[in-house]
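What follows is a single structure, written as structure tokens, with notes after it.
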Number of protein chains: 2
Amino acid sequence: MQIAEQAKTGAAAAGLTERQGAVLERALGLLVEGGERALTTAGVARAANCSKESLYKWFGDRDGLISAMITYQAGKVRTVEVDARALTTESLRKHLVAFAGDLIDVLSGDVSLALNRLAIGQASREGAGLGRLLQERGRRQIGKRAAALLEAGRKAKLLAFDTADEAYGTLYGLIVSDMHLRMLLGEDAAGLKKEFSPRAEKAVDAFLSLHGAKG
Amino acid sequence: MQIAEQAKTGAAAAGLTERQGAVLERALGLLVEGGERALTTAGVARAANCSKESLYKWFGDRDGLISAMITYQAGKVRTVEVDARALTTESLRKHLVAFAGDLIDVLSGDVSLALNRLAIGQASREGAGLGRLLQERGRRQIGKRAAALLEAGRKAKLLAFDTADEAYGTLYGLIVSDMHLRMLLGEDAAGLKKEFSPRAEKAVDAFLSLHGAKG
DNA sequence: TGCGTACCGTACCGTACGGTTCGGCATCTT
DNA sequence: AAGATGCCGAACCGTACGGTACGGTACGCA
């Protein structure tokens, strides 16, 4: 597990008070538990033992609160870099499999699913502000890690592709397929995770058979 | 374009009056235009020149209205069967490419995106009822077509795979990658469609290089 | 001791929504 | 002609939400 949730560092990373971080934590809990309908200002205030006045002072707005929740949650995710030297066929494969597992873990996480549902629900009105934010702070991070890994593989002459983005798209599709959407639509996340995790190795094998340099 | 929207047949297919179908059409228009927030009972009644009383008589409930919208919209989609005989390597590839294009068309459609957003937004509360409905009536249909095509390819000794479902998952992932999610999050659908459509052929080539029977 | 600051809890306000009810009109049936 | 049916438009009701205002309290500081 190379992507960990470090609950206590999320607040400081976003320049927030410890108290404000705790409030956001409670708000995320409400969101996970009851969806957007449960994320009312009164509900957050009650659950976090703070006043609505403070909520509006700190976050300005309900949308501001939601944005803060997204960046706060994104601040928990930390990626690891892989050194380009000493990449063998087998170690690359291991790295890719580990990445696939982490990707599935992230996408199937309670909070991730709840935030994605929230952003998607708001995507129609209000020009995709939350969607972009979620994309930028969430997906971009893990995407960078994948791109770095792929570039390292290419430098080591173990992978061949035109652009890292396109290769990452292929890898992502092979790993995730429609798992994420089905989870978002409410299908049992744990069950889908169990169904897709064993396929991670097959997905990596398929990716290597498509983009592996040798053979 | 083998999957067409046949607006006038949607109503009859679901056992609805012509008038009721027109109302659902207007409701879908409202949903596409303004998202879930715009889908109010009063708004639908006003836009469709009908009374709220009739809405509740016909559909019972706001959720009933939404369910009716989903099945009504699903009734528009019609798939085509491919005859298993006379499949050559090249015709199979053409069928797969056509399927990929249709899949992208369906997923990037206005109404499809709006309904998926709606179902995802409601997925947290109310145990995934709309999500299952959308999955059943929408995805299942096009999935059957893909499965039939893949089975035909296997019978013609042109494809090799363990289960059609798994192969379809691979094909789907190669074609769609994260396009659908990005659209749902509000990224410009037309732009993404233009970005992914040219990659449909590459995706099919990759799929054939993974599951094509002949070396 | 007095003052400012930050905060909580609650009450309040305007609005908007889901759902119901009712009066009126047009069409159909007998 | 008279009732029944189906529907529209509008008014209505209860509730819930976002946002604001206010009284009260704990704490830091001069």
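Treat the numbers as computed from the prediction; the structure is a model and nothing was measured. By convention in this document, chain letters (A, B, ...) are assigned in the order of the sequence lines, proteins followed by strands, and residues within each chain are numbered from 1.
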message = Could you work out, with side chain to side chain donor-acceptor pair (under 3.5 Å) as the rule, every residue matching B:S51, not counting sequence neighbours?
response = B:S54
note = Heavy atoms of B:A123 and A:L184 approach each other most closely as CB-O, 3.3 Å
note = Separation of D:dA26 atom P from A:R19 atom CZ, nearest Å, is 16 Å
key: Five-pair end axes of the helix from C:dT1-D:dA30 to C:dT30-D:dA1, angle between them (10°)   = 10°
query = How would you list, by chain and number, every residue that makes a side chain to side chain donor-acceptor pair (under 3.5 Å) with A:R199, sequence neighbours excluded?
reply = none
note = The complete set of side-chain hydrogen bond (donor to acceptor under 3.5 Å, both in side chains) pairs with one or both residues in residues 30-44 of chain B, sequence neighbours excluded, reads B:E36-B:Q122
inquiry  = Under 4.0 Å from a heavy atom of chain A: give me the 5'-most and 3'-most nucleotides of DNA chain C that qualify.
reply    = C:dC7 to C:dG9
ask   = B:E18 CD to D:dC7 P: how many Å, rounded?
value = 14 Å
Close residues, residues 35-52 of chain A, relative to DNA chain C [heavy-atom separation under 4.0 Å] = A:N49, A:C50, A:S51
Output side-chain donor-acceptor pairs under 3.5 Å for residues 106-114 of chain A, partner residues at least two apart or in another chain, one line each.
residue, atom, partner, partner atom, Å
A:S108, OG, A:I104, O, 2.8
A:S108, OG, A:D105, O, 3.3
A:S112, OG, A:V106, O, 3.3
A:S112, OG, A:N116, ND2, 3.4

For B:E151, side chain to side chain donor-acceptor pair (under 3.5 Å) partners two or more places apart = B:R154
Residue B:R19 excluded, over 12 heavy atoms near CZ under 6.0 Å = yes
note = Sorted by number, residues from residues 54-63 of chain B placing a heavy atom under 4.0 Å from DNA chain D are B:S54, B:W58
query = Does the side chain of A:M179 reach to within under 4.5 Å of the side chain of A:V176, using non-hydrogen atoms?
reply = yes
query = CZ of A:R26: more than 12 outside heavy atoms within 6.0 angstrom?
reply = no
request  = Name all pairs fulfilling the salt bridge (charged side-chain N to carboxylate O under 4.0 Å, His left out) condition that reach into residues 40-61 of chain A, sequence neighbours left out, sorted by first residue then second.
outcome  = none
key: For A:E201, all residues meeting side chain to side chain donor-acceptor pair (under 3.5 Å), sequence neighbours excluded   = A:R93
query = Is there a side-chain contact between A:R182 and A:E195, using heavy atoms and a 4.5 Å cut-off?
reply = yes
note = Residue set satisfying ring-ring contact (aromatic ring centres under 6.0 Å, His included) with A:F207, at least two apart, ordered chain then number -> A:H211
